[in-house]
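All values reported here derive from a predicted model rather than from experimental measurement. Atoms within a ligand are numbered from 1 in the order they appear, just like the ligands themselves.
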Amino acid sequence: MSDENLGDVPAAEFREQLHRLADWMADYRENIETRRVAPSGEPGTVTRALPQSAPETGESFDAIYRDIDELITPNVLHWGHPRFTSYFGATTTAPGIEADMVAAALNVNAMTWRTSPAATELETVVINWLREWMTLDQKFDGVVYDTASISSMHALAAAREEKASNARGLGVIGRADLKPMRVYVSDQAHSSIEKSAIALGIGEKNVQRVPTDNAFAMNVQALREFIARDLAQNLQPLAVVATVGTTSTASVDPVSAISQVCREHGIWLHIDAAYGGGLALLPENHWVTSGWNEADSFVVNPHKMLFVPFDFSVLYVRDIERLRRVFTLVPEYLRGDTLAAEKNYMDYGVPLGRRFRAIKAWMVWRTFGRKGIAARVREQMRLAQVFADLVKSDDRFELAAPVVMGVVCFRCNADDATNRKIVEQINASGRAYLNVTELRGRTVIRLGLGNILTAERHVREVWELVQEQC
Ligand code: PLP
């Protein structure tokens, strides 16, 4: 691009580039299956192929575009590939891609209503839609963040404020009036809770992991015993985090029984339904919502099950004023904004600047509707059962956990190293992508479904690859 022009890329050129990019994106989605799932390059492949120093003068779109096509794209792990069956699958969708393009063009900052009225209002709209779909009570209100890690950290900050009076004002360090605070999670809970404890001055060691039963769900009697022990030692039980859809097996903690314990002791109940929350959209899976309305806070990641592209996490808090009280802090230059409207999402967390994430959920959910989303989730759950049946039909393998959602944990009847090697070889082949996890000290292979492009033939192909390696 010429440096003589001090403006942006000229309109006609921009239009032409966008058309090329639109075709590129459509081709990428249409032909994604012909690609390797994981790249074959060693660490440093991309860096080595690029110049050592930053460009002093502008470069052409053609040169940049060529690198995207020939260097960047071949060196990403293709999460949208139908044989990418790792983590919780991927939630790329056409309306989601389009929404991200709209958001990029608008490039608004939804810190207050006035800084982007539509972004703020749409955020409230999709938060309300999702609350209704998940049958959460109206007393819950929400806020959109990037990830569940951040959502849970904010939930625990609100919990902390209630136990450590004026933690907001005085902090928690060096206060003789405070006892060490304890957070209880199952031994299957996500590591983000420890990260929250680190960030909030609670301390990683004050996250008590509670054993789980055969279905990898929290043992509530053990929870009671930990709380009793901590109270006897003059510690302060702060919160229990119940998981609905754990990371390794998608197991579900007994939320109702846990909520009873929380009520008895005045402990904050946070539900991590980052993955499993989406299941509530399927009427036949309504069981999953048991106890949800007893919670103080609840996180769900529509980027894990509900087809909203990464990143999109919603934190709901019962009486959200409890969260607002902790985080509202209006700098002078935004005071006028706060007089213009009541709902300013900057008041509900650490980030001031906020992307227009709501447009992704709004476009995706409008495109498919609740029924369409439920049907797609249901199909991915069915595929998990198909895969589980294949595992059961081959006596060289065993299922390692009950199959509750779109996740299948299984093992080849061999040692841990062999199981790890199976996954490494499949991933290195570029033909599929799985991950390993550990359950009760044993390495297991984990298949995670959820990609809208994954069909039964892909699942069967992955299974054939696994069989070849065992
Ligand atoms: N909670 C659960 C149950 C998860 O499985 C994960 C990640 O997979 C997280 C929280 C963290 O999610 P995020 O990457 O959005 O922070």
Considering only residues two or more places apart or on different chains, which pairs with a residue in residues 454-464 satisfy side chain to side chain donor-acceptor pair (under 3.5 Å)? E33-R457, E33-H458, R83-E461, R382-E456, E456-R460, W463-Q467
Of all pairs that satisfy side chain to side chain donor-acceptor pair (under 3.5 Å), the ones with a partner from residues 72-81, not counting sequence neighbours: Y28-H78
One pair per line, please: each N/O atom of ligand 1 matched with every protein N/O atom under 3.5 Å away, atom names first, then the distance to 0.1 Å.
| unit_1 | atom_1 | unit_2 | atom_2 | d |
| --- | --- | --- | --- | --- |
| ligand 1 | 1 (N) | D272 | OD1 | 3.2 |
| ligand 1 | 1 (N) | D272 | OD2 | 2.7 |
| ligand 1 | 5 (O) | T247 | OG1 | 2.8 |
| ligand 1 | 8 (O) | K304 | NZ | 3.4 |
| ligand 1 | 12 (O) | K304 | NZ | 3.3 |
| ligand 1 | 15 (O) | A148 | N | 2.8 |
| ligand 1 | 15 (O) | N301 | ND2 | 2.8 |
| ligand 1 | 16 (O) | A148 | N | 3.4 |
| ligand 1 | 16 (O) | S149 | N | 2.9 |
| ligand 1 | 16 (O) | S149 | OG | 2.5 |

Do we see a donor-acceptor contact under 3.5 Å between the side chains of T147 and D311? no
Cation-aromatic face contact R442/F410, 6.0 Å, 45 degrees: no
For K343, the side-chain contact (heavy atoms from CB on, under 4.5 Å) test, sequence neighbours excluded, returns T124, D141, Y345, Y348
Is there a side-chain hydrogen bond (donor to acceptor under 3.5 Å, both in side chains) between T243 and D272? Walk through the geometry before answering. CA-CA 5 Å; T243 312; D272 178 354; 4.8 Å; no
